[in-house]
Q: 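What follows is a structure written as structure tokens; I'll ask about it next.
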Amino acid sequence: MLIQLIRGALLLLILLAASACGDDATGSGGTGGGNDRDESWAVQTVVQTPDGRTSFVQLVDSPGTEPLDLALAREVPGNGRLYLLDGVAYLGEPEGLTIVRTRPGEEALEDDSERLSFAGAGLTFLPSFAVLASDDEAFLLDAPGGVGYGWDPSEMVLGRQIDLSAIRKDGFEPAIETAVVRDGLIFFVVQQVNALGVQAFEGLQMGIIDLELGELTDVIEDFRCIGTRSGISLAEDGTIYIPADNYGATQSLGPDAPPTCILRVLPGQTTFDPDWQIDLPDLLGGRQGSSMLYVGDGRAYISAIYEDQITITLEDDPVGYFSQPAARWWFIDLDAETGAEVAGVPFHSLAGGNGTVSDGRVFLFSPTNRFEGTTQVFEPDLSNPTAEPATIYETNGAIPVMGRLND
């Protein structure tokens, strides 16, 4: 019963606020700048207001060289989307199911295209992330609607649709929050819970889209781990790492839940490696883990759950339970299978820690209470990855996305 309550509570959080892990905004091509900045970075902040949520997207020079000032930011109603695709920023308005390409202006992002509407195409909601499949094709993966919607990010026109209905399971509501592209294939993980939160798929499910065929060619499953909301990662050698965090690493409180773990798909393969598995408690001092951020060379940062810091019970306040600061950043080595706590970082919310890698720099986001609290942004030094990192920002609200834009 406790595990069922946990699933239901986290499902509630997902329905209330979908926020993406930061996109890697490196690369060349795309729209030029037209401003006098030495660099242009986009930072998205989502703030809780009495009337709901508001998203602000701000331009800054190199992060940490100037303060965040929401008065200079571009405002996007509600849970606005910021997609960073190959160094170009696209803004999405969930209420209108529209996307616009932007360019850096003197103070804020400016429109660089007409708005592209997905409403007539049948899109049911604007996902929290977009995946760039090629120079002239990106996708929005609409799990509830069972369709992948292609569009040309340069010409801003709708493209082909791909049937994703094979991911559906009777009695469950699917969600797709992360994907990677390798060898002409899109790999994406599906989270399966039912609408009432009384049941969840007790395994890990991944869909594979063949871009040449334009089809969902395979749906693979593994039952060593339960589900994921962490971002899957594509390593330099083509290995795909899939962290399974048991919907926030809190099902570990249930007596029969397996440990949070990491699986992988080897280069050139389209199945889970049956001979490789990392149980996160083995690397995190017996703690469960969530929200993995891969930073290269087989290394990653990950949120470790400190159960002795949990003061709000799930039964008393499910939303407050997942918002409370009871997680802390650790650094792990996937090859050596070791882990160590990062010095000098505060506890952050159980379901809110995330980060980004962009232009060779790593940033860790530590929100105190998700959208209603403050978020500190840290930049660790990868030459000494567990040393106390520099504090780049502290701001109200959550920071789901931050990345470098093209010059």
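Fair warning: this is a prediction, and the values are worked out from it, not measured in the lab. As a basis for the values below, the full set of heavy atoms in this structure was taken, side chains included, without hydrogen atoms, waters or symmetry mates.
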Q: Looking at side-chain heavy atoms only, is the closest gap between Leu283 and Thr338 below 4.5 Å?
A: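 Result no, sub-4.5 Å side-chain heavy-atom pair not found.
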Q: For the residue pair Pro153 and Ala138, what are the closest heavy atoms and their distance?
A: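 Where Pro153 meets Ala138 most closely, the heavy atoms are CD-N, 4.0 Å.
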Q: Between Arg328 (side chain only) and Ser303 (backbone N and O only), is there a donor and an acceptor less than 3.5 Å apart?
A: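 Looks like no, no N/O pair under 3.5 Å.
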Q: Are Arg160 and Glu137 ion-paired here, with the side-chain N under 4.0 Å from a carboxylate O?
A: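 Salt bridge between Arg160 and Glu137, a charged N being under 4.0 Å from a carboxylate O: yes.
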Q: Which residues pass the ring pair (Phe, Tyr, Trp, His ring centres under 6.0 Å) test with Phe363, sequence neighbours left out?
A: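 Only Trp41 meet the ring pair (Phe, Tyr, Trp, His ring centres under 6.0 Å) criterion with Phe363.
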Q: Can you tell me if Glu394 and Thr375 form a side-chain donor-acceptor pair at under 3.5 Å?
A: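 Result is no, nothing qualifies.
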Q: When Leu216 is tested against each of Asp210, Ile209, Asp163 for side chain to side chain contact (heavy atoms under 4.5 Å, CB included), which residue passes?
A: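 Answer after filtering Asp210, Ile209, Asp163: Ile209.
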Q: Indicate yes or no for a side-chain donor-acceptor contact from Thr260 to the backbone of Gly289 under 3.5 Å, with no hydrogens or angles considered.
A: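 Yes, the answer is positive, given that a donor and an acceptor are paired below the 3.5 Å cut-off.
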Q: Return the minimal non-hydrogen interatomic distance between Ala343 and Pro389, and the atom names on each side.
A: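 Distance-wise, the nearest heavy atoms are O-CD, 3.4 Å.
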Q: With side chain to side chain contact (heavy atoms under 4.5 Å, CB included) as the test, would you mind laying out the steps for Glu75 and Ser55 before giving the verdict?
A: CA-CA 6 Å; Glu75 183 175 335; Ser55 177; over 6 Å; no
Q: Output yes when a side-chain donor or acceptor of Ser113 lies under 3.5 Å from a complementary backbone atom of Met156, and no otherwise.
A: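 Looks like no, no N/O pair under 3.5 Å.
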Q: Glu93 side chain to Asn79 main-chain N or O, any donor-acceptor pair under 3.5 Å?
A: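 No; judged by distance alone, with no hydrogens or angles, the pair does not exist.
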Q: Run the numbers on Ile220 and Thr270 for side chain to side chain contact (heavy atoms under 4.5 Å, CB included), then give the verdict.
A: CA-CA 8 Å; Ile220 60 176; Thr270 55; over 6 Å; no
Q: If you count the non-hydrogen atoms of other residues, nucleotides and ligands that lie under 6.0 Å from CG in Asp308, is the total more than 12?
A: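 Check passes, neighbour count above 12.
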Q: For the OG1 atom of Thr356 and the CZ atom of Arg404, what is their distance to the nearest 0.5 Å?
A: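 Going from OG1 on Thr356 over to CZ on Arg404, the span is 13.5 Å.
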Q: Does Val265 reach the side chain of Ile242, with side-chain heavy atoms less than 4.5 Å apart?
A: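 When only atoms from C-beta onward are counted, Ile242 and Val265 do touch, with a gap below 4.5 Å.
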Q: Taking the side chain as everything from C-beta on, heavy atoms only, tell me whether Val60 gets closer than 4.5 Å to Leu68.
A: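 Val60 reaches Leu68 side chain to side chain.
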Q: Could you tell me whether a side-chain N or O of Thr386 sits under 3.5 Å from a main-chain N or O of Val342, the two making a donor and an acceptor?
A: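 Side chain of Thr386 to backbone of Val342: no pair is present.
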Q: Can you see which heavy atom on Phe188 is nearest to which on Ala179, and at what distance?
A: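 Here Phe188 and Ala179 meet closest at CB-CB, 3.8 Å.
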Q: Does Glu110 come within less than 4.0 Å of Arg101, counting only side-chain N to carboxylate O?
A: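 Salt bridge between Glu110 and Arg101, a charged N being under 4.0 Å from a carboxylate O: no.
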Q: For Tyr301, what residues pass the ring pair (Phe, Tyr, Trp, His ring centres under 6.0 Å) criterion, not counting sequence neighbours?
A: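 Residues passing ring pair (Phe, Tyr, Trp, His ring centres under 6.0 Å) with Tyr301: Phe331.
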Q: If you measure from CD on Gln324 to OG on Ser349, what distance do you get to the nearest 0.5 Å?
A: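 Going from CD on Gln324 over to OG on Ser349, the span is 9.0 Å.
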Q: Show the numbers, then the answer: is there a side chain to side chain donor-acceptor pair (under 3.5 Å) between Gln376 and Ser366?
A: CA-CA 5 Å; Gln376 287 181 275; Ser366 292; over 6 Å; no
Q: Can you name the nearest heavy-atom pair linking Ile332 to Met292, along with the distance?
A: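 So the two residues come closest at CD1-SD, 4.4 Å.
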Q: Within the 4.5 Å heavy-atom criterion, are Gln288 and Pro281 side-chain neighbours or not?
A: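 Gln288 vs Pro281: side chains touch.
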Q: Does Glu114 CD have over 12 foreign heavy atoms under 6.0 Å away?
A: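 Atom CD in Glu114 is not packed in, count stays at 12 or less.
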Q: Ser62 vs Arg361, test: side chain to side chain donor-acceptor pair (under 3.5 Å). Steps then yes/no.
A: CA-CA 11 Å; Ser62 182; Arg361 299 172 66 178; 2.7 Å; yes
Q: From Phe378 CZ over to Leu364 CG, what is the distance, rounded to the nearest 0.5 angstrom?
A: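 If we round to the nearest 0.5 Å, Phe378:CZ and Leu364:CG are 8.0 Å apart.
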Q: If we ignore hydrogens and angles and just use 3.5 Å, is the side chain of Gln58 paired with the main-chain N or O of Asp69 as donor and acceptor?
A: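 Yes; at least one donor-acceptor contact below 3.5 Å.
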Q: Would you find a donor on one side and an acceptor on the other, under 3.5 Å apart, between the side chain of Thr391 and the backbone of Tyr393?
A: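 Checked: no pair found.
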Q: Salt-bridge test for Arg74 and Asp111: reply yes if a basic N is under 4.0 Å from a carboxylate O, no otherwise.
A: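 Between Asp111 and Arg74 there is a salt bridge, with a charged N closer than 4.0 Å to a carboxylate O.
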Q: Can you name the ring pair (Phe, Tyr, Trp, His ring centres under 6.0 Å) partners of Tyr241, sequence neighbours left out?
A: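 Partners of Tyr241 under the ring pair (Phe, Tyr, Trp, His ring centres under 6.0 Å) test: Trp276, Tyr294.
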Q: State, to 0.1 Å, how close Ala73 and Phe56 come at their nearest heavy-atom pair, and which atoms those are.
A: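 Taking every non-hydrogen atom into account, CB-CB, 3.8 Å.
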Q: Between Asp273 and Leu263, does the side chain to side chain contact (heavy atoms under 4.5 Å, CB included) criterion hold? Intermediate values first, please.
A: CA-CA 7 Å; Asp273 182 353; Leu263 303 182; over 6 Å; no
Q: So which atom in Ile392 and which in Pro63 form the shortest heavy-atom distance, rounded to 0.1 Å?
A: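 For Ile392 versus Pro63, the nearest heavy atoms are CG2-C, 3.7 Å.
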Q: May I ask you to say whether Arg299 pairs ionically with Asp333, meaning some side-chain N is under 4.0 Å from a carboxylate O?
A: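 Salt bridge flag = no for Asp333 with Arg299.
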Q: Go through the steps to decide whether Thr368 and His348 satisfy the test side chain to side chain donor-acceptor pair (under 3.5 Å), and finish with yes or no.
A: CA-CA 5 Å; Thr368 57; His348 57 257; over 6 Å; no
Q: Under the salt bridge (Lys or Arg N to Asp or Glu O under 4.0 Å) criterion, do Lys169 and Glu221 qualify, and how do the steps go?
A: CA-CA 12 Å; Lys169 289 182 173 291; Glu221 297 179 350; 2.7 Å; yes
Q: Hey, would you say the Trp151 and Tyr90 ring centroids sit under 6.0 Å apart?
A: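 Ring centroids of Trp151 and Tyr90 are less than 6.0 Å from each other.
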Q: Evaluate Leu140 against Tyr83 for side chain to side chain contact (heavy atoms under 4.5 Å, CB included), listing each step before the verdict.
A: CA-CA 11 Å; Leu140 301 177; Tyr83 305 136; 3.9 Å; yes
Q: Strictly distance-based, threshold 3.5 Å: is any side-chain N or O of Asp142 a donor or acceptor partner for the main-chain N or O of Thr124?
A: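 Checking the backbone N and O of Thr124 against the side chain of Asp142, a donor-acceptor pair under 3.5 Å is found.
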Q: Ion pair present between Arg287 and Glu307, side-chain N to carboxylate O less than 4.0 angstrom?
A: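 Result for this pair is no, no salt bridge flagged.
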Q: Can a side-chain donor-acceptor contact be found between Tyr306 and Glu341 if the only test is distance below 3.5 angstrom?
A: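 The criterion, which ignores hydrogens and geometry beyond distance, is satisfied for Tyr306 and Glu341.
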Q: Less than 4.5 Å apart, any side-chain heavy atom of Leu141 and any of Tyr149?
A: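 In short, these two side chains do not touch, never coming nearer than 4.5 Å.
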Q: Check whether any side-chain heavy atom of Thr54 sits under 4.5 Å from a side-chain heavy atom of Val46, and report yes or no.
A: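 When only atoms from C-beta onward are counted, Val46 and Thr54 do not touch, as no gap falls below 4.5 Å.
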Q: Atom SG in Cys261, atom CG in Leu204: separation rounded to 0.5 Å?
A: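 With rounding to 0.5 Å, SG (Cys261) is 7.5 Å from CG (Leu204).
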Q: Under a 4.5 Å cut-off applied to non-hydrogen side-chain atoms, are Val189 and Ile176 in contact?
A: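 No. Closest side-chain heavy atoms not under 4.5 Å.
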Q: How long is the straight-line distance from CD1 of Ile99 back to CG of Leu126, given to the nearest 0.5 Å?
A: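 Atom-to-atom, Leu126:CG and Ile99:CD1 are 5.0 Å apart.
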Q: If you round to the nearest 0.5 Å, how far is CG of Asp222 from CD of Gln205?
A: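 If we round to the nearest 0.5 Å, Gln205:CD and Asp222:CG are 12.0 Å apart.
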Q: Side-chain contact test, heavy atoms from C-beta onward, threshold under 4.5 Å: evaluate it for Asp279 versus Gln277 and give yes or no.
A: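 In short, these two side chains touch, coming nearer than 4.5 Å.
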